[in-house]
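One structure is given below, encoded as structure tokens.
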Amino acid sequence: MIVIKLGGAAITDKARLYVIKRKTIAATAGVLANHRDYLLVHGAGSFGHIPVNKYNVRGPVRSQRQLVGYAKTKACLLKLESELVAIFAEKHIPVAPVAASSCLIADRGRIVSQNFDVIASMLKLGLVPHIGGDIVQDVSFGASVVSGDQIAVNLAIAFHARTIIFGTDVDGLYTADPKLNHRARLLSNLDLAQLYEWAKKAGPANAPDVSGGMRGKLTEILPAVRAGIRVVIINLNKPQRLQRAMTGKPVKGTAISR
Ligand code: ADP
């Protein structure tokens, strides 16, 4: 089992609402059409971060105004979801959308209970479950944002995945944000101790992001690596890298193992 996280930065233009990177998604689907036994998770990109900030629904969510904002944010998330499902189905991938808010409960933004029976049943049937970062019920906050990164890690642990592939819009983890610092160097291999160090240092994403950018990603990855899952961060704009990562071949990117 492999969990593939389609990063919000790779599948949407994070700074502009409703801009989907169709070419990247179609090329990704083209690669995945030749594979079996994987789960798809996606980030919300601009379809989540922009409305979440606009309507102030990161959590706590309590007022009537926020509840309406919740609904408006869900409408944006569903728009992205519907586009993704259509593109994957076009490439003959039997994708099955699952709402995180229907199978997870959080406490202050951290998942505290989950039921993946539906996902297990879909996998058994030969479907490819597909689940996105979402606003979910939250025992302290009413509702809160749970990132695709957190969901990807929980799914990988629950389904004993051997690998999680994080596809994003840069080649992997660098010594600094490569979009801001041209001297930033790609980190090809990390062990758990090095991951701890970089989780403290890596910068936030340079676009509105309610889930912590690269630093948030590394912090989320920690429990997966601790559990013995191999994590690979690659550039989703290079489909041949995804193909290599899916078959366990060495690939340009950042590989992290215990
Ligand atoms: P996604 O939405 O694809 O999951 P994020 O936007 O959360 O990804 O994180 C990727 C972004 O993080 C990149 O676009 C990059 O500009 C930024 N970034 C900040 N610091 C780093 C770093 N040290 N290495 C790589 N990318 C970084």
Side-chain angles (χ1 to χ4, degrees), residues 3-25 27-28 39-53 58 76-77 80-81 84 100 109 130-134 145-156 164-190 194-222 224 231-239 241-242 245 251-256:
V3 174
I4 302 145
K5 156 80 195 310
L6 312 174
I11 60 172
T12 77
D13 182 334
K14 270 196 153 173
R16 288 187 297 155
L17 188 53
Y18 294 152
V19 178
I20 294 177
K21 296 186 179 167
R22 281 204 175 72
K23 240 176 84 178
T24 301
I25 301 164
T28 299
L39 269 166
L40 282 170
V41 180
H42 68 89
S46 59
F47 289 73
H49 306 306
I50 292 177
V52 161
N53 286 325
R58 182 186 183 143
C76 293
L77 295 174
L80 173 62
E81 178 100 14
L84 284 167
H130 178 216
I131 182 164
D134 204 355
V145 169
V146 168
S147 72
D149 291 340
Q150 191 184 160
I151 295 168
V153 167
N154 276 42
L155 280 170
I164 311 176
I165 300 171
F166 286 90
T168 187
D169 68 338
V170 292
D171 286 346
L173 176 67
Y174 285 78
T175 51
D177 185 341
K179 288 183 186 160
L180 303 177
N181 184 341
H182 69 277
R183 295 229 292 265
R185 195 169 43 80
L186 181 66
L187 298 159
S188 301
N189 286 288
L190 295 182
Q194 291 165 317
L195 176 62
Y196 272 113
E197 286 311 304
W198 284 104
K200 284 190 240 158
K201 281 189 261 190
N206 56 8
D209 189 325
V210 288
S211 51
M214 193 49 89
R215 188 185 300 137
K217 192 179 306 303
L218 297 185
T219 309
E220 293 299 351
I221 287 171
L222 280 166
V231 170
V232 188
I233 306 173
I234 55 166
N235 191 333
L236 206 64
N237 294 309
K238 313 277 178 178
R241 294 187 193 163
L242 177 61
V251 58
K252 179 165 184 174
T254 302
I256 310 167

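Counting convention: from 1, in listed order, for ligands and their atoms alike. Predicted model, so just to flag it, every value in this text is computed and none were measured.
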Handout entry: Heavy atom of G172, distance to ligand 1 below 4.0 Å
Key = yes
Problem - Beyond-backbone contact of T12 with V19, side-chain heavy atoms, under 4.5 angstrom - result: no
Completion exercise
Within 4.0 Å of some non-hydrogen atom of T168, the atoms of ligand 1 are 1 (P), 3 (O), 8 (O), 10 (C)
Problem - Best match, L187, D169, L173: closest heavy atom to atom 13 (C) of ligand 1 - result: D169
Problem - Residues that F166 engages under ring-ring contact (aromatic ring centres under 6.0 Å, His included), provided they are two or more places apart - result: none
Problem - Distance filter under 4.0 Å to A9 heavy atoms, resulting ligand 1 atoms - result: 1 (P), 2 (O), 3 (O), 6 (O), 8 (O)
Practice task
Give the contacting part of R215 toward ligand 1: side chain, backbone, both or neither, where contact means a heavy-atom distance below 4.0 Å.
Solution key: neither
Handout entry: Y174 and L187, any side-chain heavy atoms less than 4.5 Å apart
Key = no
Exercise for the section: Using a strict cut-off of 4.0 Å, indicate which atoms of ligand 1 neighbour a heavy atom of K217. Expected result: 1 (P), 4 (O), 7 (O), 8 (O)
Exercise for the section: Heavy-atom contacts with G8 under 4.0 Å: which atoms of ligand 1 show up? List them by number with element. Expected result: 1 (P), 2 (O), 3 (O), 4 (O)
Exercise for the section: For Y196, enumerate each residue passing the ring-ring contact (aromatic ring centres under 6.0 Å, His included) test, keeping only those at least two apart in sequence or located in another chain. Expected result: none
Handout entry: Numbered atoms and elements of ligand 1 in range of K5, under 4.0 angstrom, heavy atoms
Key = 4 (O)
Exercise for the section: Could you tell me whether K238 and D171 make a salt bridge, using a distance below 4.0 angstrom between a side-chain N and a carboxylate O? Expected result: no
Handout entry: Flag side-chain contact, heavy atom, 4.5 Å: I20 against L80
Key = yes
Handout entry: For ligand 1, the portion of V170 having any non-hydrogen atom under 4.0 Å away
Key = side chain
Handout entry: 4.5 Å side-chain heavy-atom contact, N237 and T28
Key = no
Problem - Contact (N/O only, under 3.5 Å) between D149 and ligand 1 - result: no
Exercise for the section: Taking the side chain as every heavy atom from C-beta outward, state whether L77 and D134 have any atom pair closer than 4.5 Å. Expected result: yes
Practice task
Heavy-atom contacts with K179 under 4.0 Å: which atoms of ligand 1 show up? List them by number with element.
Solution key: 14 (O), 16 (O)
Practice task
Taking only heavy atoms of P178 into account, list the atoms of ligand 1 that are under 4.0 Å away from them.
Solution key: 24 (N), 25 (C), 26 (N), 27 (C)
Exercise for the section: Mark the output for A176 as yes if a heavy-atom distance to ligand 1 is under 4.0 Å, and as no if none is. Expected result: yes
Problem - K5 with D149: basic N within carboxylate O range, under 4.0 Å - result: yes
